[in-house]
Amino acid sequence: MSDSSSSFISNQVSDISPVQSSTTQSQRRGSSADQDDVILSIRSLCKSYFDAEILQDINLEINSGDFLVLVGPSGCGKSTLLSCIGGLTDVTSGEIFCRGKNITQLDPAKRDIAMVFQSYALFPNMTVAQNIGFGLEVRKVPAAERKQKIQQVAEILHLQPLLDRTPAQLSGGQRQRVAMGRALVRDPTLFLFDEPLSNLDAKLRLSMRTEIKHLHQRLGGTMVYVTHDQVEAMTLASKIMVLNQGRIQQFGSPEEVYKRPANTFVAEFMGSPAMNLIRAKVIVEAGAVKIQIHREDRAPLVFIEQAATDALRAFNNQSVIIGLRPESISDVAARDPQRSHSAECRIEYIEGIGSDVYATLKLGGSDVISRLHGDSNVSAGDRQQLHFDLSNISYFDPSSQLRI
Amino acid sequence: MRSLIGAKQQKWLLLAPALTVLALISFVPFVQTLWLSFSDSEISALPTVVSFIGLENYIYALTDPDFIDSLGRTLYFTFVSVGAEVILGVAVALLLNQQFKGRTLMRALIILPWAIPTIVNAVTWRLIYNPEYGALNSLLMQLGIIGEYQSWLGNPDVAMNMVILADVWKNFPLVAYVALAALQTVPMDMLNAARLEGANAWRRFFKITLPWIIGPLLVIIVLRSVEAFRVFDIIYVMTRGGPANQTKTASFYVYQEYFSYLRSGSGSSYAIIVALISIILIFGYYKAAKRQNGSL
Amino acid sequence: MHSTIKRPRHLSCLLYASLTLLAFFVLAPVLWLLLMSLSSPTDLTKVPLQWIPSQWDFSRYALLLDWQNGSGKRFLAAMLNSLIIATSASFIALVAGVLAAYAFSRRNASMLLMFAFLATIMMPPITYILPLYSAFSELGILNTKVSLIICYSAMLIPFAIWLMKTNIDVLPEEIEHAAMIEGAGTIYTLRKVVLPIILPAIGATAMLSFLTAWDEFFYALIFSSDLSAKTIPVAIADFSAGRVTDFGVIASVGVLASVPPVLIALFFQRFIVSGLVGGSVKG
C-alpha cells in the first residue's frame, strides 16, 4: 500500500475505495455502523520477524455480536493476527483497539479477552472445574460466586458430570468443551478461537461447529475465529477475512466473499470444488458486450453480458478471466432465464458423489467442473446440453488477478 | 517468532536472583583473580602495597618446572581416568542393555559408587590400599599374586594410577547411565537390518551403535574431563600430593601456593593458567553440546 | 522388546561371568567399608586379614551417635551443618533456578548468558577461592554456614537452571498462554501452572543439588575451621588424617556420611538418572 497514512484516516470515516486499496477491495461495514458498537478495531497492523513480513497493513473493524472468521492457507498469518489481538505476540507497527481503548501494548492478562486454543491448552494439573474457574480465581472472585458460575457454564456445555475429572480423563470433544467453558465463564469483551476444531474427527467437528454457532446465537458475544477450513468459515461467520501471505485478500460477509470474490485467490480458495477460472475474450460489438470462450473441439462459446460494467467494456479485445462456480454450470435450468446461456458441451470425465455429479469439461484451455443433478446419467465422452447461470459470474483482470 | 508484551523487563527480573548470586560469587572473583595474577600480591595480615608487575608471574609460572610437571600430571590424570571411565562405562552399559534376570537390580546397584561422597570414596580406597593392613594387599597375597605387602600409595611409580582407580570406581556409573540411556534409543530396526546384511556384533557396534551414542557420550566425556582436570579432594585425602610430588595436581599446587606459601599473586597466575586450559575444555563442551542438540 | 532369539550357551556364560565381575567390582569396596566399621580392631590388623569379623562390633556407631563425647560431637555437628547447608543451598538454587530457567525458556534470554552461567561451574574453584576468602573475611562471615550456603548456591544454580530449562522447553507453551489470557501474571502462572506440571523435574533437581552440596569439599575445607561450619566431608578428612588410628572409626564415619546420599540415590533412582541423563541425551 503506497499511502497507508491516508488509508488509515479513510478507514475511520469511510470504506476504502477499490482504486486506492490494491487488495482490500470490499471492506464493508456491518449494517449498524454505530461507533459505540465497535468492539475490535485494528489499524495498519504490521508484524515482521527479522526479514519475513508475516502481517502487512491489516485494517479491520468488527461490531458487537459479530462473528469474524479469519481464513486462509497455512502460513498466511491468520494465527499470528489472532495472537496479536490476544497480546501473545507483539506487533511491529500499527494499533489494536478494544472497545475504543488502545490495547496494543497492554499485557494479555489485562485485555479482557478469552481464547480457545487449537490444542485446548487445558491445565493438566487441575480438574475440569478448576480449569473453568481459573480466570475467576485469578480475579479473586469469591468461591461461592465462582462455583455458581462454573455450574452455569457446565450446564450450558453439558459438563456437569465431568467437573471433578482431570483433562487426561476426557475425550477430545469433552476437552474442547472445557476449553470453551473456560472462555465463556468470564463473559469477556472478545472471544478468540484458534482453529478450535482442527484436532477433532470429522463427525465431531460437524456437531461442535453447529454447537458453536448455536452458542453464539444464544449468548451473543463477539468472536474472532481462525480456521483454514473454508466450509467452517462460511457456516460460522457473519464476516470473513481472507488472508494470504500476510495480506488481507478480502473482508466482507460470507455471501460477498463467496459470490463476489475480490481476486482469483479468494475465488479459488473459497468453495469446494473451487470456482472455475476460465480464460475468455471481451468483444464489444454495437454496444453489446460479448464474452468469447475458446474451445478446442468446436466453435467458441459466446454469450452476451447484459450487466457489463464500464470497467469490463474497457477490456474490449483483451483477455479476461471469468469465474463461474460449479453450481452455475448445470444440467438444470438457471433461475433467471434472462441471465442464462445454454450450450452443448463434451464431458471429459465425471465424478459422482451421490448428491451431485461433477462433470469436467474443457473450456478456454482449462478443466472446468460443472455440477449436475445427482440422477443425471451422463458418462465420459457424452455431449450434454449445459446451462450457464451468469447471474453470479465474476470477471478478473489477467494481469493483476483482481476483480473487474 | 513470538515475543510477549513486556517480555524484556520480565526477562531481567526473572534472571535477577541467579545473576546476582553468580556475579558476586563467580564473575567478580574471577576478574579479581585475573587482576591479582598481574600483581605481586601476597597474603598478609599487614596492609601491603600491591603493585602491577605485568606478565612477570606468568613468565615465572611457565618456566617453573614443578608447575609444568603438575600440569602434565593433571592432564595424565584427566586423560587416563576419563578414558577408563568411558571404556568401562560403555562396556557396562552394553552389558546392562542385554536381557537377563535381575537386570533392574543390577542397574540400581551401579548407582552406589556414584552416590557415595567423594571424600568417603577417597578414605575407603586409602584404607584398602593401606600398606600394613590394607584389603588389597591381603587379597592379592591370599590369591598368590604378590609375595609381600606393597605400599601402593607410597610408591611414586604407581601412586597416581591407584588414585585413578579410585576415581574410576566412583565415576564410571555416570558414563554408564548416559551410555545406557543413549543405547535405548538405538533403533532396533537398524540393528536387525545390519544383522540380516550379515554384519557381526563387532561391526554392528562400531558402525551403528557407537555412531548413534557418540553425541551424548561426547557431552559426558567433556563434562567429566572438566571435572577431572580440577581434581583436588581425592588427592587431598589419599596422598596430599605425595609421594615425591607424584600426585600433586594443578589444583593442589595452586592450593599450596595460596595457603602454604601465601603467594596470592603468583598463585593467581597459576590459577588463571589452569582456568585457561579449562576454558579450552569448556569450549569443547560447547561444541559437543551444540552438535548434540543444536540449541546449546 | 521383541528379540526372542535364544542366546547361545557360551555367550550366556560370558554374560553372567561379566555380571558377576561387575557386581564384585561395584560392591566389594562398599561391603569392605561396612565390614571394617563392624570389625574389631584386632581383626583389622591381622595379616592377612580376617575378612569376616570374629565378632560384630557396634561400638563405633554408639560412639559417633553420641553428642556427649568428643568424636560424636564432632561428627554429629558436621552432619547437622551439612544438612543445613545442603538444604538451604538447594532451596536457593531451586528458586533462583526456576525463575531464570523460565527466562531462558520463555522470555528469550540469551543462550550466550546461559553458556556463561554453565561456564562458571566448569571453572576450577581455585580461580574464585582467594577473592572470596578475602571478601568473606572482610564481611566477617568466614567459618559460618552462610558463606558456604552462598557459595554452594552459586555452584548449584547454573545446573538447576539447565535441568529445569530442558524440562520447561518441552511443555506446550499454549498452556501458559491460556493462563495469561485468563488474567494470570507470570509468577502466578509459574506457581499454579508450570511448577505443578514439572514437579518431577523439580524433585530431581532438588535431589541432585542436595547430593552435589553434600559432596563438596574444597570450599568447605577453606572456609570452615571449627564445629560451627565444618561439613561432613571436612570432618571425614579430619578423622582420617588425625589422631584416629582405628580404621573402624574412620569406616563408620564414612558409612554414616554415605547413608543420606545413598538412600536418596536408591529411592529416587529413576528420578535422578533421568535428571542427570536428561541434559545430555535429550538435550
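Quick note on labels: first sequence line is chain A, next is B, and so on, each numbered from 1. Just so you know, these numbers come straight off a predicted model, no measurement behind them.
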Atom group of B:Glu132 that falls short of 4.5 Å from chain C, counting heavy atoms: backbone
Top contributor to chain C interface from B:Leu127, B:Asp233, B:Val226, B:Val254 [non-hydrogen pairs under 4.5 Å]: B:Leu127
B:Trp169 (side chain) donor-acceptor with C:Phe25 (main chain) under 3.5 angstrom: yes
Which atoms of B:Ile111 approach chain C - backbone, side chain, both or neither, heavy atom under 4.5 Å: side chain
For chain C, the option from B:Ser278, B:Pro17, B:Ser138 that forms the most heavy-atom pairs under 4.5 Å: B:Ser138
Residue pair C:Ser240 / B:Arg126: nearest heavy atoms and the distance that separates them: O-NH2, 2.7 Å
Flag for B:Gln10-C:Tyr102: side-chain donor and acceptor within less than 3.5 Å: no
Whether B:Phe30 and C:Tyr128 hold their rings parallel, tilted or perpendicular, with breakpoints at 30° and 60°: perpendicular
Between C:Leu27, C:Ile161, C:Leu266, the one whose heavy-atom pairs under 4.5 Å with chain B are most numerous: C:Leu27
Contacts of type salt bridge (Lys or Arg N to Asp or Glu O under 4.0 Å), residue C:Asp215, not counting sequence neighbours: none
Test of ring centre spacing under 6.0 Å for B:Tyr258 and C:Tyr133: no
Among the listed options B:Asn130, B:Ile213, B:Val237, the residue most often paired with chain C at heavy-atom distances under 4.5 Å: B:Asn130
Heavy-atom pair of closest approach, residues C:Pro29 and B:Thr124: O-CG2, 3.7 Å
CA sep, side-chain torsions, deciding dist, call: C:Ile126, B:Tyr253, side chain to side chain contact (heavy atoms under 4.5 Å, CB included): CA-CA 10 Å; C:Ile126 47 163; B:Tyr253 197 95; over 6 Å; no
Interface residue of largest heavy-atom contact number with chain C, from B:Ile272, B:Val274, B:Leu95, B:Leu139, under 4.5 Å: B:Leu95
Largest heavy-atom contact set with chain B, pairs under 4.5 Å, which of C:Thr120, C:Thr45, C:Ile121, C:Leu132: C:Thr45
Interchain contact, B:Leu88 with chain C, by part (heavy-atom threshold 4.5 Å): side chain
Contact summary for B:Met106 and C:Leu19, nearest pair of heavy atoms: CE-O, 3.4 Å
Which atoms of B:Tyr149 approach chain C - backbone, side chain, both or neither, heavy atom under 4.5 Å: side chain
Shortest non-hydrogen separation from C:Pro261 to B:Ala115 and the atoms involved: CB-O, 3.3 Å
Nearest heavy atoms of C:Phe104 and B:Leu15, plus distance in Å: CE1-CD2, 3.6 Å
Portion of B:Trp35 that has a non-hydrogen atom of chain C nearer than 4.5 angstrom: neither
Minimum heavy-atom distance between B:Gln142 and C:Leu49, given as atom pair plus value: NE2-O, 4.2 Å
Pairs of heavy atoms under 4.5 Å with chain B: top-ranked of C:Val98, C:Val234, C:Thr186, C:Leu211: C:Thr186
Largest heavy-atom contact set with chain C, pairs under 4.5 Å, which of B:Ser37, B:Pro113, B:Ser264: B:Ser264
Toward chain C, the part of B:Phe229 with a non-hydrogen atom under 4.5 Å: neither
